[in-house]
Engineer: 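Once you've had a glance at the structure underneath, I'll fire off some questions.
Worth knowing before you read on, the calculation uses all heavy atoms, side chains too, and leaves out hydrogens, waters and symmetry mates.
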Amino acid sequence: MAKNFTSREDNYSQWYNELVIKADLAENSAVRGCMVIKPYGYSIWENMQSALDKMFKDTGHTNAYFPLFIPKSFLSREADHVEGFAKECAVVTHYRLKSDPDGKGVIVDPEAKLEEELIVRPTSETIIWDTYKNWIQSYRDLPLLINQWANVVRWEMRTRLFLRTAEFLWQEGHTAHSTEEEAMEEAIRMLNVYSDFAENFMALPVVKGIKTASERFAGAVETFCIEGLMQDGRALQAGTSHFLGQNFAKAFDVKFLNKNNEQEYVWATSWGVSTRLIGALIMTHSDDHGLVLPPKLAPIQVAIIPIFRNEEELEKINEKILPIIAQLKKLNISVKYDDRDTQKPGWKFNEYEFKGVPVRLAIGPRDLDSNSIEVARRDLLTKEIVPLDNITEHIEKLLVDIQNTLYKKALDYRTENTVDVYTWEEFVAQIEKGGFVNAHWDGTDETEEKIKQETKATIRCIPLNNKLENGKCVLTGKPSKQRVLFARAY
RNA sequence: CGGGGUAUGGCGCAGUCCGGCUAGCGCACCUGCUUUGGGAGCAGGGGGCCGCAGGUUCGAAUCCUGCUACCCCGACCA
């Protein structure tokens, strides 16, 4: 275990903060609320990007890029949208600096005021729909299926590395369709892409659902989400997909001629996931020994540590291990062979353990004698001695097993921490304990708000394919037809 | 944005209340020797204008004012 590392039980949020820093994922920057994503953390993001990008391409999308700056007037075109984002926008007002007449550095040149101020994008719907207007004339231009990888800025009051920063990286898909049904299908399709990604790559079980009106994206008709449960019992929204109806088409006058030669507004979706997923990844699997990464997203899947006293011993180890490394690489397994003589083996063990490398191999004179190798797995912290003959197959299977074990563990945790409650007393007690709480709700904004005020719990979502059952609202006792998912959330 | 806390070599801290000689400790770093299967040992060494900007004073890490950043709790939010 790392020296001076806070345990989860001791102080969960401190554990998280220290982990991000000490595992070399990211650090705070000179700019308030903005983070530096360090190489190891960025590698995780790259792995997420490449998996997601492939899934987007496989579902017919292509990438494009739209500007960082949005004319201020664009934002106000869609009433709900501006309402939702106005309070957290960075604004560019000038385009030039000049030397300070007092001789100290530079000042904003008051002469260089922009005619129309520019907003740093908090999301790109407005600039994109203003652009789509020119791209879409006919039903033959539809559907338009575009994604962009970008940074966005939301001027948050309180920030935490990865979970909430003023600037973050994400992807945002923006699609246009000729029918409502098709747009709705698209929103659901991408929600499914996100849940597949979360479960199969991040080993994070998620609940797919619909947001209530108060949690809905500003400007959307319907917001779908995937919700995960973190180890401290708090929920985290890991991705959203919006059915935008014709809201943006109307705001930006995007019409197409249908087959009957009639003008119609197009139907839209948008969907996104961000670097927040890295926060979710950390909080789902990591432990008091440091980071635990699922093999499919780990920058280093296998760390190999030779144990040697001198050059000759290292040579002998190399003879055995280098061909194995080559084989592993051929299998697309990412390997780090740490043969530095500047750090001791014990130091390296701790290092890779803390950084969450799924599999660690150690090979020294003893192993050479017995033609075997020590294999340690990060998820269970177990070690075994394995014969060198079929070692690559063994590792290949081990990586799959670790991926599955992590998912299973996270799923078991969620199952154990998801409960149905019937009374207000149970509800309050359960929310206090943490986890997902299934409860009846009368469907009103007022009740939702009251529950939030009383317990800090929010409705995370109305799960898709929810089973209908008659019941009474946990707060008001009014009739309800289904349970909704409550939790305290990030 | 409101309340509370913190800021001293790369990291973690002491010193600050009660101003005073050269600002100290652990880790990390450098050199050498011995070591190497879970964060090695010994010896020697380098690195600080004490967050920033003003002020008080013969003299400021220490007192005063302003600012900035980070952490915790609220409000807001992916």
Engineer: Between K355(A) and E351(A), is there a salt bridge with N-O shorter than 4.0 Å?
Structural biologist: yes
Engineer: Could you give the distance separating G19(B) and G12(B) at their C1' atoms, to the nearest angstrom?
Structural biologist: 27 Å
Engineer: With P as the reference atom in both, quote the distance from A53(B) to U62(B) in angstrom, rounded to an integer.
Structural biologist: 13 Å
Engineer: Show the numbers, then the answer: is there a salt bridge (Lys or Arg N to Asp or Glu O under 4.0 Å) between K452(A) and E448(A)?
Structural biologist: CA-CA 6 Å; K452(A) 186 179 174 184; E448(A) 185 181 9; over 6 Å; no
Engineer: Could you tell me the separation between the NZ atom of K38(A) and the P atom of C11(B), rounded to a whole number of Å?
Structural biologist: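 Rounding to the nearest Å, NZ of K38(A) and P of C11(B) are 11 Å apart.
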Engineer: Using a strict 4.0 Å threshold on nitrogen-to-oxygen distance, state whether D401(A) and R377(A) make a salt bridge.
Structural biologist: yes
Engineer: For U65(B) versus G45(B), give the span between their C1' atoms, rounded off to a whole number of Å.
Structural biologist: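 Result for the C1' pair: 42 Å, nearest Å.
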Engineer: What's the gap between G9(B) and A61(B) when it is taken at their C1' atoms, as a whole Å value?
Structural biologist: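 Pairwise C1' distance, G9(B) against A61(B), rounds to 14 Å.
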Engineer: Quick check for you: among U36(B), G39(B), G38(B), whose closest atom lies nearest to any side-chain atom of F349(A)?
Structural biologist: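 The nucleotide sitting nearest to the side chain is G38(B).
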Engineer: Let's test this: given Watson-Crick or G-U wobble pairing with both distances under 3.5 Å, identify the partner of C70(B).
Structural biologist: G5(B)
Engineer: Kindly say whether G290(A) contributes a backbone atom to a donor-acceptor pair with the side chain of D287(A) at under 3.5 angstrom?
Structural biologist: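 Side chain of D287(A) to backbone of G290(A): a pair is present.
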Engineer: Look at all strands and tell whether F168(A) reaches a base, only sugar-phosphate, or nothing, counting heavy atoms closer than 4.0 Å.
Structural biologist: base
Engineer: Name all residues meeting the side chain to side chain donor-acceptor pair (under 3.5 Å) criterion together with Y194(A); count only those two or more places apart in sequence or in a different chain, and write none if there are none.
Structural biologist: Q171(A)
Engineer: How would nucleotides 70-76 of chain B be written as a contact map, 5' to 3', with B for base contact, S for sugar-phosphate-only contact and - for no contact, using protein heavy atoms under 4.0 Å?
Structural biologist: SSSBBB-
Engineer: Identify the nucleotide, in any strand shown, that forms a Watson-Crick or G-U wobble pair with U16(B), with both distances under 3.5 Å; if there is none, say none.
Structural biologist: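 Result: none.
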Engineer: Going by salt bridge (charged side-chain N to carboxylate O under 4.0 Å, His left out), name the pairs with one or both residues in residues 229-244 of chain A, residues two or more places apart or in two chains.
Structural biologist: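 Checked against salt bridge (charged side-chain N to carboxylate O under 4.0 Å, His left out) - neighbours excluded - no pair reaches residues 229-244 of chain A.
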Engineer: Check R360(A) with E374(A), please: is the shortest side-chain N to carboxylate O separation under 4.0 Å?
Structural biologist: yes
Engineer: When the distance from NZ of K22(A) to C1' of A28(B) is rounded to whole Å, what number comes out?
Structural biologist: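 One finds 13 Å between C1' of A28(B) and NZ of K22(A), rounded.
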Engineer: Looking at K344(A) and G37(B), is any side-chain donor or acceptor paired with a base atom of the opposite kind under 3.5 Å?
Structural biologist: no
Engineer: Using atom C1' in both nucleotides, what's the gap between U31(B) and U6(B) to the nearest angstrom?
Structural biologist: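 It comes out at 37 Å once rounded to the nearest Å.
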Engineer: Check R488(A) with E432(A), please: is the shortest side-chain N to carboxylate O separation under 4.0 Å?
Structural biologist: yes
Engineer: C1' atom, C64(B) versus C72(B): distance in rounded Å?
Structural biologist: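 About 27 Å, rounded to a whole number of Å.
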Engineer: Could you tell me which nucleotide pairs with G32(B) by Watson-Crick or G-U wobble geometry, both distances under 3.5 Å, or answer none if nothing does?
Structural biologist: C42(B)
Engineer: Mapping A489(A) and K348(A) onto RNA chain B by nearest heavy atom, which one lands closer to the 5' end?
Structural biologist: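 On the 5' side of the pair lies K348(A).
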Engineer: Answer with yes or no whether Q343(A) presents, from its side chain, a donor or acceptor under 3.5 Å of a partner atom in the base of G39(B).
Structural biologist: no
Engineer: What's the gap between C58(B) and A14(B) when it is taken at their P atoms, as a whole Å value?
Structural biologist: 32 Å
Engineer: Between atom CG in D338(A) and atom C1' in G37(B), what is the gap in whole Å?
Structural biologist: 15 Å
Engineer: Heavy-atom count check: over 12 atoms from other residues, nucleotides or ligands less than 6.0 Å from Q343(A) CD?
Structural biologist: yes
Engineer: Taking RNA chain B as the partner, which of residues 357-375 of chain A come within under 4.0 angstrom of it by heavy atom?
Structural biologist: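 Those residues whose heavy atoms fall under 4.0 Å from RNA chain B, taken from residues 357-375 of chain A in numerical order, are R360(A), A362(A), G364(A), P365(A), R366(A), D367(A), E374(A).
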Engineer: When you match R460(A) and G346(A) each to their closest nucleotide on RNA chain B, which lands nearer the 5' end?
Structural biologist: G346(A)
Engineer: Between E315(A) and K320(A), does a salt bridge (Lys or Arg N to Asp or Glu O under 4.0 Å) hold up when you go through it step by step?
Structural biologist: CA-CA 9 Å; E315(A) 284 298 326; K320(A) 275 282 185 194; over 6 Å; no
Engineer: Which residues in residues 299-311 of chain A have at least one heavy atom lying under 4.0 Å from any atom of RNA chain B?
Structural biologist: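 Those residues whose heavy atoms fall under 4.0 Å from RNA chain B, taken from residues 299-311 of chain A in numerical order, are I307(A), F308(A), R309(A).
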Engineer: Could you let me know what C27(B) is paired to, Watson-Crick or G-U wobble, both distances under 3.5 Å, or none if it's on its own?
Structural biologist: G10(B)
Engineer: Could you label the plane-to-plane angle of the W424(A) and F427(A) rings as parallel, tilted or perpendicular, counting under 30° as parallel and over 60° as perpendicular?
Structural biologist: parallel
Engineer: With no hydrogens and no angle check, is any side-chain donor or acceptor of K211(A) less than 3.5 Å from a backbone partner on R460(A)?
Structural biologist: yes
Engineer: Taking side chain to side chain donor-acceptor pair (under 3.5 Å) as the test, write out the residues that go with T6(A), two or more places apart.
Structural biologist: Q14(A), E18(A)
Engineer: Could you tell me which nucleotide pairs with U65(B) by Watson-Crick or G-U wobble geometry, both distances under 3.5 Å, or answer none if nothing does?
Structural biologist: A53(B)
Engineer: Write down the distance between CG (N350(A)) and C1' (A28(B)), rounded to a whole number of angstrom.
Structural biologist: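 Checked: the CG to C1' distance equals 16 Å.
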Engineer: C1' atom, G5(B) versus C25(B): distance in rounded Å?
Structural biologist: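 G5(B) and C25(B) have their C1' atoms separated by 24 Å.
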Engineer: Could you tell me the separation between the CH2 atom of W347(A) and the P atom of A28(B), rounded to a whole number of Å?
Structural biologist: 11 Å
